[in-house]
Amino acid sequence: PTAVIEKTVANALRTPFVAEIFSDASAVHLTRDGIDTVASIRREWLRRPPLRYVAKKALRYPIHLAPNYAAHYAVALLTRTRSKAPAVWGPSYPGIHGDLQRESLLTVCARQWRWCVESCLADLPGTSLQTIPVRYEDLVSDPINELVRISEALRLHTSQETLHEAASRLHATSIGSGRLTLSE
C-alpha cells in the first residue's frame with residue numbers, strides 16, 4: 001500500500017478537517033514534555049527566520065489560494081526581522097494579542113502550547129482517525145523500537161534500511177533542555 005506522511009504541526013488544530021478529507025487516514029499523536037516544548041516555542045518566537053527557509057517557503061506556497069495568509073505572514077516576518085518585539089509565531093489562540101501586551105513571552109508560549117494540546121485532545125475522539133500515541137522522549141531515546149511500533153500500527157512495510165535512516169535523524173539532545181534553559 002502507498003502511504004503519504006504529512007507532518008504539518010498545525011494539523012493538530014484541524015483534526016476533524018483532516019479526518020473528513022482523508023477518511024482512511026491515521027494520526028501519529030506526538031506529545032512532548034511541556035517545559036521542553038515551551039522553551040522550544042520561545043526560541044522560535046525570538047529567532048530570526050533564516051532567509052533560505054523563507055525563500056523556500058515562498059517558492060512552494062500557492063499564494064493565489066490564500067492572499068490574506070500570505071500578506072499576514074509577510075507582515076509578521078517583517079515585524080520579526082525589523083523589530084525587537086516579537087510578532088506572533090505559530091498558532092494564534094483566542095486572546096493571544098492581548099496576552100502579548102500584558103504577559104511575559106514565556107506565559108504566552110505556555111498558553112499557546114496548552115491551547116494546541118487541549119484543542120487536539122478535544123477534537124481527536126470525535127474523528128475517524130486511528131490514533132497512534134507516541135511520546136517524543138521515547139521516540140528520540142529509542143528510535144528504532146518506536147519507529148517499528150509506529151510502522152506496525154500503521155501496517156507499513158518499512159525496510160530496516162529506511163528505519164535506520166530515519167532513526168539516524170533523531171537525537172535525544174533536547175530532552176530536558178527546558179529545565180536547563182528556563183529559570184524556576
Side-chain angles (χ1 to χ4, degrees), residues 1-15 17-19 21-22 24-62 69 73 76-77 80-81 86 88-91 106 109-110 112-121 123-124 127 129-182:
T2 301
V4 175
I5 298 173
E6 206 291 317
K7 62 180 192 115
T8 301
V9 175
N11 281 338
L13 297 173
R14 51 182 165 251
T15 54
F17 173 76
V18 171
I21 300 298
F22 302 103
D24 61 343
S26 297
V28 174
H29 185 209
L30 185 67
T31 57
R32 182 179 180 198
D33 175 85
I35 294 173
D36 287 348
T37 305
V38 169
S40 177
I41 291 169
R42 183 175 174 266
R43 270 193 310 278
E44 290 302 318
W45 273 78
L46 297 174
R47 181 174 79 109
R48 304 259 186 247
L51 187 56
R52 177 177 267 162
Y53 167 80
V54 173
K56 193 174 176 182
K57 186 170 183 162
L59 288 174
R60 291 184 179 170
Y61 190 80
Y69 176 79
Y73 183 79
L77 181 63
R80 290 180 76 199
T81 56
V88 173
W89 176 87
L106 199 55
C109 294
Q112 188 179 39
W113 169 77
R114 185 184 70 199
W115 179 70
C116 290
V117 171
E118 289 175 350
S119 296
C120 184
L121 290 175
D123 288 344
L124 269 175
T127 71
L129 294 172
Q130 173 199 358
T131 305
I132 297 96
V134 178
R135 287 185 64 246
Y136 175 83
E137 292 78 11
D138 294 341
L139 179 63
V140 298
S141 296
D142 190 6
I144 292 291
N145 283 333
E146 281 297 294
L147 291 171
V148 165
R149 183 177 72 80
I150 295 165
S151 293
E152 288 174 354
L154 296 173
R155 296 180 298 283
L156 298 175
H157 303 289
T158 311
S159 71
Q160 288 297 314
E161 179 183 344
T162 300
L163 289 170
H164 283 278
E165 181 183 332
S168 72
R169 298 175 188 199
L170 300 172
H171 306 283
T173 54
S174 65
I175 294 176
S177 63
R179 287 168 179 78
L180 294 173
T181 59
L182 300 176

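Glu161 CD: 12 or fewer foreign heavy atoms inside a 6.0 Å radius. Heavy atoms from other residues, nucleotides or ligands lying under 6.0 Å from CD1 of Ile5 number 12 at most.
Residues Asp36 and Ser174 form no side-chain contact, since every pair of their non-hydrogen atoms from C-beta on lies 4.5 Å or further apart. Side-chain contact between Trp89 and Leu46 is absent, with no heavy-atom pair separated by less than 4.5 Å. Looking only at side-chain heavy atoms (C-beta outward), Arg179 and Asp33 come within less than 4.5 Å of each other. Side-chain atoms of Phe22 and Leu129, non-hydrogen and from C-beta on, never get closer than 4.5 Å to each other. Residues Val140 and His171 have side chains not in contact (no heavy-atom distance under 4.5 Å, counting atoms from C-beta outward).
Closest heavy-atom contact between Pro91 and Gln112: O-NE2, 2.7 Å. The minimum heavy-atom distance between Ser40 and Arg32, with the atom names listed, is CB-NH1, 3.7 Å. Shown here for Leu170 and Pro143, the closest heavy-atom pair between the two residues is CD1-CB, 3.7 Å. Nearest heavy atoms, His29 versus Cys120: NE2-SG, 3.8 Å. The two atoms that bring Ala19 and Thr127 nearest to each other are CB-CB, 3.7 Å, heavy atoms only.
Side chains of Ser159 and Thr162: a donor-acceptor N/O pair is present below 3.5 angstrom, by distance only. If you check the side chains of Tyr136 and Thr37, you find no donor sitting under 3.5 Å from an acceptor.
Electrostatic pairing of Glu152 and Arg149 does not count as a salt bridge here, judged by no charged N lying under 4.0 Å from a carboxylate O.
Atom CD1 of residue Ile150 and atom CG of residue Asn145 lie 11.0 Å apart, to the nearest 0.5 angstrom. In this structure, CG in Leu30 is found 10.0 Å from CG in Asp138, a value given to the nearest 0.5 Å.
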### side chain to side chain contact (heavy atoms under 4.5 Å, CB included) between Val148 and Leu163, intermediate numbers included
CA-CA 7 Å; Val148 165; Leu163 289 170; 3.6 Å; yes

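A distance-only check finds no donor-acceptor pair linking the side chain of Thr8 to the backbone of Asn11 [under 3.5 Å]. Side-chain atoms of Glu146 do not come within 3.5 Å of backbone N or O of Val134 as any donor-acceptor pair. A side-chain donor-acceptor contact under 3.5 Å links Ser151 to the backbone of Leu147. Between the Ser119 side chain and the Cys116 main chain, no donor and acceptor come within less than 3.5 Å of each other.
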